[in-house]
Amino acid sequence: MKKSNGVTSKSAIKTAPKNSAKAPAAKKKKVLFAASEAVPFVKTGGLADVCGALPKILRKLGYDVRLVLPRYWAISREYYGLEPVLRTMGVPTGNGVVWCQVFEGKVDGFPVYFVEHEQFFGRAGIYDDGNWEHPDNAERYGFFSCACLQLCRDLKFKPDIIHCHDWQTALIPAYLKVWYGNDPFFKDTASVFSIHNIAYQGTFKATAYPFLGLGSENFVESKFENFGGVNFVKGGIFYADAISTVSPTYAQEILSEPGANGLSAYLNRRRDDLFGILNGADYDHWDPETDVNLPAKYSARDLSGKKLCKKALQQEFLLDEQENVPVIGIVSRLAEQKGFQHLAVVMHRILRDMKVQFAIVGSGEKSLEDFFGGLPALYPGRVGAWIGYSNRKAHLVEAGADFFLMPSLYEPCGLNQIYSLKYGTLPIVRATGGLRDTVRQYDEQTGSGNGFLYHDQTPDAICGTVGWAVSTYYDRQSHLAQMRKRAMLEHFSWLDAAKQYEEVYRRALARRASWR
Ligand code: ADP
Ligand code: GLC
C-alpha cells in the first residue's frame, strides 16, 4: 500500500499541482541544505537520516542541492576524501571576522561542504562532551550559520532556497533578512525552516547575543528574546519564509501548549506558512531484502530469513534461543521525550507476568542507562541490553524482533516505527505526532491494522498495550501474520515528501518576492 504524506496547510493542499515534479518552474532550482548532522557523516538521531536522504531525492527531481555541515573532529578528511575548496574564508560575526576553511566531499553524487574551524568543531562530541553541553554552542552554531551564507558567496553558489534544520541553523533566516535583505547576491534567496523537535530551541544567556551580530532591535520578545535570554528557534520562526515540521499531527500539536514548548503563540502568528510533511524512509539503507547488516535477507513473500535474524539477535543479546517467545525490540535515545521512565515503572511487572524477551539498544540519560543496562543481570536470557550507539545492532533489532516499542511522550515524526513496519516488526507506540500518522491500530475483530497504539501517558497504558501485543502473538497468530505482511508492504516515500517540499519552496519564494 502506498502511503501518501500530508501537508497541513489547507491552501497548500489546494495549490499543490498533481505532478509537481514536472512543473518547469521548479526545475534546476538551487537549494542549500544547512544542517548540523547528516548520514553518513555524523548522526545523533533522525535529523541525520532526513538530511542524508531528502537532498538525494530532491536531486532526482532536478534540483541542484548541496549540503553544508560543520567538519566535526570525528569526520575524517582522509576517510571521506574531502578536498579543500576555500582555503581561507572570512566569516563576519558580531565579534568581527572569523577565519575558517571549507572542504568538499561527495555523497550519492551531490556535493557536501564542510566548514572547518578548529576551535569550534575540533573537539569530541557534537553538541556535548558526554556529560555537559558545550558551553559555546551559541557561538559555534551562530558562526556556522554565518559561514553557510559566506560560503555561498565565496563559491558563487546563489541558492534559491536555504533549507535550515532545527535550532542549530535557525539563525540563517534572520541573517538573510537582517544582514542581506538588500544584498544583490541574496536578493532572490528564500529560507525554509524545518522543525524536527521543538523541545530543543537553542536557548542561551543574553551574553551570547552580541556575538550573533543581530542588533538590539532583534533582541525583543517577538523575535529572539525569551525570558531575558536568547532563543534561536523563536527568531527562526519569525524570519523564515516558510516553516515546516515532520508530520501533519505534530504540525497541529505545536500550535498549542504543551506541544509547542512555550512557542505556540509565535507559531500561530505564522500558521499560514506552517506545513506538516511526514518524513520518508531511506529504503536504500532500511530494507530487509537488501540490508547488508543482517545475517539473512527476507521479504514479505518469504519471511524465512526473519527467523534467522531472530536467532542471531537472541545469540548476540544473550537471550534464550526460543523461536516461539516474542522479542520486543527497542532502539532509541534514552531521553525524557521517549517515555522510557514510564516503561521502567512497569518493566518488572511485564517480565513477571508475560513470557517475553527484550533486546534493547540505547544511550542517553544516565539513570535510564543504568536501569535498562542493569536488567540483563536480573533477567538473564530474557533481557539483552546494549548501552551505546551501534548502527549494525539497530538494524539487527529491527529485523530480529517481533515487536518494536516506542512509548514516546511526544514524537515529531519518529523513524524507527517506519523502519519497523518495513521489517515486519510490529510497532507498539503511543498515539502522538508522527507515530499516530504512521501506525494503524490493530482491530481484534477483523485483524486489520499494522501495530498497537495507546493514548494515556502512563506506565499502565504501556503495560496493557504490551500485554495486548504479546497475547496477540500467542493467541491470534493468523492476525499477526497478516499484520506483518501488511506492515511490510507499507511505503513511506521520500519522493512524496520531496514533492510536498517543492510546494513549500514555491510558497517560500513567493513570500520572499513579496517581502522585497
Ligand atoms: P530521534 O531523532 O528523536 O532520536 P527518530 O526515530 O527520528 O528519533 O530517529 C532515531 C534514529 O537514530 C534512527 O535511525 C535510530 O535507528 C537511530 N538510533 C537511535 N539510538 C540509536 C542507538 N543507540 N544506536 C544506533 N542507532 C540509534
Ligand atoms: C527529531 C524527532 C524525531 C524525528 C526526527 C527527524 O529528532 O525527535 O521524531 O523523526 O527529528 O525528523
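Each ligand, and each atom within it, is numbered from 1 in the order the structure gives.
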Please verify whether a non-hydrogen atom of [X] lies at under 4.0 Å from ligand 1.
{"X": "Gln417", "answer": "no"}
{"X": "His196", "answer": "no"}
{"X": "Cys413", "answer": "no"}
{"X": "Tyr419", "answer": "yes"}

One residue to check: [X]. Relative to ligand 1, which of side chain, backbone, both or neither has a non-hydrogen atom less than 4.0 Å away?
{"X": "Lys43", "value": "side chain"}
{"X": "Asp49", "value": "side chain"}
{"X": "Ala48", "value": "neither"}

What residue and atom, counting heavy atoms only, is the protein's closest point to [atom], and at what distance?
{"atom": "atom 20 (N) of ligand 1", "result": "Ser332 C, 3.4 Å"}
{"atom": "atom 13 (C) of ligand 1", "result": "Asn416 OD1, 3.6 Å"}
{"atom": "atom 1 (C) of ligand 2", "result": "His196 O, 3.2 Å"}
{"atom": "atom 27 (C) of ligand 1", "result": "Tyr389 CE1, 3.5 Å"}
{"atom": "atom 8 (O) of ligand 2", "result": "Gln337 NE2, 3.1 Å"}
{"atom": "atom 10 (O) of ligand 2", "result": "Gly414 N, 2.8 Å"}
{"atom": "atom 4 (O) of ligand 1", "result": "Arg333 NE, 2.7 Å"}
{"atom": "atom 10 (C) of ligand 1", "result": "Gly46 N, 3.6 Å"}

Where does Asn279 meet ligand 2, judged by heavy-atom distances below 4.0 Å: at the side chain, the backbone, both, or neither?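 Under 4.0 Å from ligand 2, Asn279 contributes side-chain atoms alone.
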What part of Val246, side chain from CB on, backbone N/CA/C/O, both or neither, has a heavy atom under 4.0 Å from ligand 2?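 Looking at Val246 and ligand 2, just side chain atoms fall under 4.0 Å.
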Do we see a donor-acceptor contact under 3.5 Å between the side chains of [X] and [Y]?
{"X": "Tyr410", "Y": "Asn197", "answer": "yes"}
{"X": "Ser244", "Y": "Ser194", "answer": "yes"}
{"X": "Glu502", "Y": "Tyr63", "answer": "yes"}
{"X": "Tyr419", "Y": "Asp49", "answer": "yes"}
{"X": "Ser299", "Y": "Glu289", "answer": "no"}
{"X": "His163", "Y": "Tyr505", "answer": "yes"}

May I ask you to list the atoms of ligand 1 that are less than 4.0 angstrom from any heavy atom of [X]?
{"X": "Gly388", "value": "22 (C), 23 (N)"}
{"X": "Gly362", "value": "23 (N)"}
{"X": "Ser390", "value": "24 (N), 25 (C)"}
{"X": "Gly414", "value": "6 (O), 7 (O)"}
{"X": "Leu415", "value": "5 (P), 6 (O), 7 (O)"}
{"X": "Val361", "value": "22 (C), 23 (N), 24 (N)"}

What atoms of ligand 2 come closer than 4.0 angstrom to any heavy atom of [X]?
{"X": "Gly46", "value": "5 (C), 6 (C)"}
{"X": "Val50", "value": "6 (C), 12 (O)"}
{"X": "Asn197", "value": "8 (O)"}

Measure the spacing between NZ of Lys485 and CG of Leu489 and express it to the nearest 0.5 Å.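 Here the rounded value is 9.0 Å.
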Inspect the contact between [Y] and [X] and indicate whether a charged nitrogen and a carboxylate oxygen are less than 4.0 angstrom apart.
{"X": "Arg392", "Y": "Glu316", "answer": "yes"}
{"X": "Asp284", "Y": "Lys56", "answer": "yes"}
{"X": "Arg484", "Y": "Asp402", "answer": "yes"}
{"X": "Arg123", "Y": "Asp136", "answer": "yes"}
{"X": "Lys310", "Y": "Glu321", "answer": "no"}
{"X": "Lys366", "Y": "Glu369", "answer": "no"}

Would you mind telling me which of Tyr200, Phe204, Phe224, Phe193 makes a ring pair (Phe, Tyr, Trp, His ring centres under 6.0 Å) with Trp167? Phe204
Identify, with sequence neighbours excluded, every residue that meets side chain to side chain donor-acceptor pair (under 3.5 Å) alongside Arg140.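 With neighbours one apart ignored, the set is Asn137.
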Does any N or O atom in Thr44 lie less than 3.5 angstrom from one in ligand 1, N or O only?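 No - when backbone and side-chain N and O of Thr44 are compared with those of ligand 1, no distance drops under 3.5 Å.
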Output yes when the distance from some N or O of ligand 1 to some N or O of Lys338 is under 3.5 Å, and no in every other case. yes
Where the closest heavy atom to atom 9 (O) of ligand 2 is concerned, which of Glu411, Arg333, Met406 has it?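 The residue whose heavy atom sits nearest atom 9 (O) of ligand 2 is Glu411.
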Flag Cys413 as yes when one of its N or O atoms lies below 3.5 Å from any N or O atom of ligand 2, and as no otherwise.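 Indeed, backbone or side chain, Cys413 has an N or O that close.
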Does His165 form a ring pair (Phe, Tyr, Trp, His ring centres under 6.0 Å) with Phe33? I'd like the steps, not just the answer. CA-CA 8 Å; His165 299 268; Phe33 261 62; 5.1 Å; yes
Tell me which donor-acceptor pairs under 3.5 Å the side chains of residues 374-385 have, and how far apart each pair is, sequence neighbours excluded?
| residue | atom | partner | partner atom | Å |
| --- | --- | --- | --- | --- |
| Tyr379 | OH | His348 | ND1 | 2.7 |
| Arg382 | NH1 | Leu351 | O | 2.8 |
| Arg382 | NH2 | Leu351 | O | 3.0 |
| Arg382 | NH2 | Met354 | O | 2.8 |
| Arg382 | NH2 | Val356 | O | 3.4 |

